[in-house]
Protein chains: 2
Amino acid sequence: MESKVMSIGVVCELTGLSERQIRYYEERKLIFPERTKGGNRRYSFEDVKAIQDIYQKMQEGFNTLELKEMKKSKTPRCTPAFR
Amino acid sequence: MESKVMSIGVVCELTGLSERQIRYYEERKLIFPERTKGGNRRYSFEDVKAIQDIYQKMQEGFNTLELKEMKKSKTPRCTPAFR
DNA sequence: CGTGTAAGGAATTCTGACACG
DNA sequence: CGTGTAAGGAATTCTGACACG
């Protein structure tokens, strides 16, 4: 499992997100796709799930930095609406 | 399951076979990858398993036509060495 | 901050064919 | 029959930047 086999185009289809969004999550250190020799990204199904979670949380109002911290400490948090 | 998400390059890495071999199996109607709008092939993990089985059987001496018939009628066969 | 986009280039894949056998 | 290869083109992906906000 955890095999990185999908190109970004497939991930876009599976998630409904844009390449820009997916690359941005990587830029913010939220996902870690592998690279081919040529430099192309390769994602796993777990990456796809992570991407969907990230997008979900962002819809709830969290920003990428908060999401990164949530990853470290798995402690529950109030939704932004209640802070 | 059965999601067609891999490009041929990834399948080559996973199987150790060449693009030529993989495309040939498709030409002989042994595997059925999907296509992107642009015409690029997309394979599933089941396709990868099928490809490995095909290669295995060919190593044993079967040709592609025999393998296609084996798919239809799941009846056991003698290996080529014993025919 | 998060995302769209145009720009130019590079990696990847495609088809049809010739070759060998 | 099964597979390698060179050929030319097309689809896909990449980066860095400008934009808006």
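Atom set for the values below is all heavy atoms of this structure, side chains included, hydrogens, waters and symmetry mates excluded. Keep in mind that this is a model prediction, so the values were computed, not measured. The chains referred to below are lettered A, B, ... by the order of the sequence lines, with proteins before strands, and numbering in each begins at 1.
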Is any side-chain N or O of A:T64 closer than 4.0 Å to OP1 or OP2 of C:dG2?
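For A:T64, the contact criterion (side-chain N or O under 4.0 Å from OP1 or OP2 of C:dG2) is met.
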
Can you tell me if A:S7 touches the phosphate of D:dT13, counting only side-chain N or O atoms and a distance under 4.0 Å to OP1 or OP2?
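Yes, because at least one side-chain N or O of A:S7 sits under 4.0 Å from OP1 or OP2 of D:dT13.
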
Closest-nucleotide mapping onto DNA chain C: is A:N63 or A:R42 further toward the 5' terminus? I mean the 5' end.
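Nearest nucleotide further toward 5': that of A:N63.
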
Any donor-acceptor N/O pair, B:S3 side chain to B:V5 backbone, under 3.5 Å:
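Checking the backbone N and O of B:V5 against the side chain of B:S3, no donor-acceptor pair under 3.5 Å is found.
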
Quick check against the 3.5 Å criterion: does A:E69 have a side-chain atom that pairs as donor or acceptor with the backbone of A:E66?
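Checked: no pair found.
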
Nearest whole angstrom, please: distance from the [atom2] of [N] to the [atom1] of [X].
| X | N | atom1 | atom2 | answer |
| --- | --- | --- | --- | --- |
| B:I8 | D:dT3 | CD1 | C1' | 13 Å |
| B:R41 | D:dA10 | CZ | P | 17 Å |
| B:M6 | D:dT12 | CE | C1' | 18 Å |

Side chain to side chain donor-acceptor pair (under 3.5 Å) partners of A:Y24, counting only residues at least two apart:
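Side chain to side chain donor-acceptor pair (under 3.5 Å) list for A:Y24, sorted by chain: A:R28.
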
Checking A:Q59 now: which residues fulfil side chain to side chain donor-acceptor pair (under 3.5 Å) with it, not counting sequence neighbours?
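By the side chain to side chain donor-acceptor pair (under 3.5 Å) rule, A:Q59 matches A:Y55.
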
Where at least one partner belongs to residues 6-18 of chain A, residue pairs that pass salt bridge (charged side-chain N to carboxylate O under 4.0 Å, His left out), sequence neighbours excluded:
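Listed once each, the pairs are A:E13-B:K37.
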
Are any non-hydrogen side-chain atoms of B:F45 and A:F45 less than 4.5 angstrom apart?
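Yes, their side chains come closer than 4.5 Å.
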
Decide, yes or no, whether a salt bridge links [X] with [Y] under the criterion of side-chain N to carboxylate O below 4.0 Å.
| X | Y | result |
| --- | --- | --- |
| A:R23 | A:E19 | yes |
| B:E26 | B:R41 | yes |
| B:E2 | B:K4 | yes |

Please report the interatomic distance SG(B:C12) to CE(B:M6), rounded to the nearest 0.5 Å.
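So the SG of B:C12 and the CE of B:M6 are separated by 11.5 Å.
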
In residues 15-29 of chain B, which residues come under 4.0 Å of DNA chain C by heavy atom?
B:E19, B:R20, B:R23

Strictly below 4.0 Å, heavy-atom distances to any atom of DNA chain C: list the hits from residues 31-40 of chain B, or just say none.
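Heavy-atom contacts with DNA chain C come from B:R35, B:G39, B:N40.
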
Note on DNA chain D: ranges paired as stems (three or more Watson-Crick/G-U pairs in a row, both atom distances under 3.5 Å) are C:2-5 with D:17-20, C:17-20 with D:2-5

Taking side-chain contact (heavy atoms from CB on, under 4.5 Å) as the criterion, tell me which of B:L67, B:N63, B:D53 meets it with B:M58.
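The single option meeting the side-chain contact (heavy atoms from CB on, under 4.5 Å) with B:M58 is B:L67.
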
Taking for each residue the nucleotide of DNA chain D bearing the nearest heavy atom, is the 5' side occupied by A:V10 or by B:Y55?
B:Y55

